[in-house]
Amino acid sequence: MPSVKLKKGREKSLNRKHPWIFSGAINAVKDISKNGETVEIISGDGKFLGYGSYSSHSQISVRVLSFKPEDIIDKKFIQQKVEDAVQFRKKIIDEDLINAYRVINAESDFLPGVIVDKYADFLVCQFLSAGACFWKNDILEILINIFNPAGIYERSDSEAINKEGLTQTKGLLFGKEPPDLIEVVENGIKFCVDVRIGHKTGFYLDQRDNRKLLQSFSYGKEILNCFSYTGGFSIYAFIAGANKITNVDSSPEALSLSEKNVLLNRIDSSKCENIQDDVFKYLRKLRDTNKQFDIIILDPPKFAESVSQIEKASRGYKDINLLALKLLRKDGVLFTFSCSGHIVPELFNKIIADATTDSGREVHILKYMTQSPDHTMLTSFPEGLYLKGLVCKVV
Ligand code: SAH
């Protein structure tokens with residue numbers, strides 16, 4: 001079979017079951033005829049290391065599918081991986097309360113580059129690597145058999161795809177076109193999701209548990225939800241009895257969906273204010289008017305897209321966190337997040353500690369947060385942990 005031989009001594013990360021091989025680690029490739037096809041991975045001294053999907057364009061030349069020599073990488077193998085992923089979600093998702101969740105989480109489900117999210121009767125997929133594209137039709141067939149979905153929509157239009165040498169693709173793959181807005185239920189709360197132009201596949205499913213956690217702090221509170229998108233955190237807080245919420249987002253489309261979500265859940269819209277502004281600027285405006293809040297949520301977009309952006313991103317995180325800490329009433333609560341994979345948890349904690357020092361406030365960490373468990377993580381693949389958050393009490 002086609003194979004990839006590594007340079008001597010470059011098998012260490014594979015021995016730790018890390019699933020990526022960078023182009024610089026490769027000594028020779030043999031008999032590869034198609035982008036994305038399966039190769040045997042062999043160490044510099046000729047030992048079997050695993051099977052993976054080869055990409056001729058990506059810096060990540062091989063993404064590992066299996067470390068077991070006895071595995072045969074065929075449709076049956078892929079079907080098993082999909083079924084394992086689906087079965088695991090059945091165990092952790094209460095489908096009476098939640099009908100929107102991540103079904104397949106790429107590398108962390110041993111299906112590198114494959115993302116599948118379920119929104120009610122529809123599936124939304126991303127095929128983000130050469131290997132994912134190679135198995136695309138088989139994966140679709142398997143998903144149709146398991147879910148019998150009303151439709152499957154593709155959102156392989158993230159920028160990451162360009163680095164893989166693939167073209168951005170978007171559109172219907174199977175069944176009927178999803179409606180303009182799909183209505184989903186999350187912990188019994190309703191949300192409208194636009195799977196065509198919404199961020200990621202339409203909704204931040206990874207924040208589900210953190211939105212739920214916010215509820216226990218929200219009763220009677222005045223809340224500032226920065227980077228509010230379609231109001232996910234706000235709707236949860238309202239349902240739990242929040243008094244007043246201000247959403248801030250730069251996107252008018254997101255804010256208008258947020259209004260729809262308020263109506264959908266029969267919330268008194270006079271308690272909700274939507275501000276279309278840049279959060280960096282708006283927090284400064286609030287500072288200058290001496291406004292204070294009981295709870296502030298900071299859930300910004302990814303500030304660091306690459307290693308070279310870590311320093312600038314850190315300054316951005318510190319800036320908004322410092323401003324937010326100063327805007328909280330005594331015993332106020334900060335929910336602060338970073339979804340940049342390049343900002344590791346230790347660094348994020350340090351940024352918040354630095355912001356604390358400069359703010360002159362006393363900050364107690366009440367909880368560390370991460371992505372919801374349908375966004376699986378592997379101990380051998382730290383890159384899979386991207387969402388970090390802290391709940392802080394500010395004295
Ligand atoms: N907390 C949300 C997800 C936030 S996603 C949820 O649970 O659903 C990040 C949001 O930040 C996006 O809606 C994007 O439009 C917005 N955004 C990005 N940069 C911004 C800026 N500088 N000021 C205000 N909003 C911004």
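Order of appearance sets the numbers: ligands from 1, and atoms from 1 within every ligand. Values reported hereafter were calculated over all heavy atoms of this structure, with side chains retained and with hydrogens, waters and symmetry mates removed.
Taking a 4.0 Å cut-off on heavy atoms, T230 fails to register as neighbouring ligand 1. For the ligand labelled ligand 1, residue N225 lies outside the 4.0 Å heavy-atom shell.
For ligand 1, the atoms lying closer than 4.0 Å to a non-hydrogen atom of S251 are 15 (O). Below 4.0 Å from some heavy atom of F233 lie the following atoms of ligand 1, by number and element: 1 (N), 7 (O). Listed by number with element, the atoms of ligand 1 under 4.0 angstrom from any heavy atom of D277 are 23 (N), 24 (C). Residue H199 approaches ligand 1 through these ligand atoms, each under 4.0 Å from one of its heavy atoms: 12 (C), 13 (O), 14 (C), 15 (O). Below 4.0 Å from some heavy atom of R211 lie the following atoms of ligand 1, by number and element: 6 (C), 7 (O), 8 (O).
Between Y51 and Y54, the gap from one ring centroid to the other reaches at least 6.0 Å.
Each of S58, S156, C133, S55 was evaluated against L166; a single residue qualifies, C133, per the side chain to side chain contact (heavy atoms under 4.5 Å, CB included) test. In summary, of the residues considered (V279, I275, I297, L286), a side chain to side chain contact (heavy atoms under 4.5 Å, CB included) with L224 occurs for L286 alone.
Residue contacts with ligand 1, taken as heavy atom pairs separated by less than 4.0 Å, involve Y229 via backbone and side-chain atoms alike.
For ligand 1, none of its N or O atoms has an N or O atom of S228 under 3.5 Å away.
Seen from the ring of F293, R329 does not count as a face-on cation partner, given the 6.0 Å and 45° thresholds.
F127 is listed as a side-chain neighbour of E154, based on a closest heavy-atom distance under 4.5 Å. At least one side-chain heavy atom of F174 sits less than 4.5 Å from a side-chain heavy atom of P149.
Inspection of the Q207 and D299 side chains reveals an N or O donor paired with an N or O acceptor under 3.5 Å. Between the side chains of Q87 and D84, not a single donor N or O lies within less than 3.5 Å of an accepting N or O.
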Next item on the list: Run the numbers on V363 and L390 for side chain to side chain contact (heavy atoms under 4.5 Å, CB included), then give the verdict.
Entry: CA-CA 11 Å; V363 175; L390 301 176; over 6 Å; no
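Annotation: atom 23 (N) of ligand 1 to nearest protein heavy atom, V279 N, 2.9 Å. Of the protein's heavy atoms, D249 OD1, 3.5 Å lies nearest to atom 14 (C) of ligand 1. The shortest contact between atom 21 (C) of ligand 1 and any protein heavy atom is with F227 CE2, 3.7 Å. Among all protein heavy atoms, the one lying closest to atom 18 (C) of ligand 1 is P301 CG, 3.4 Å. Ranking protein heavy atoms by distance to atom 25 (N) of ligand 1, first place goes to S250 N, 3.0 Å. Closest protein heavy atom to atom 2 (C) of ligand 1: D299 OD2, 3.4 Å.
At distances below 3.5 Å, not a single donor-acceptor pair connects side-chain atoms of S340 with backbone N or O atoms of K302.
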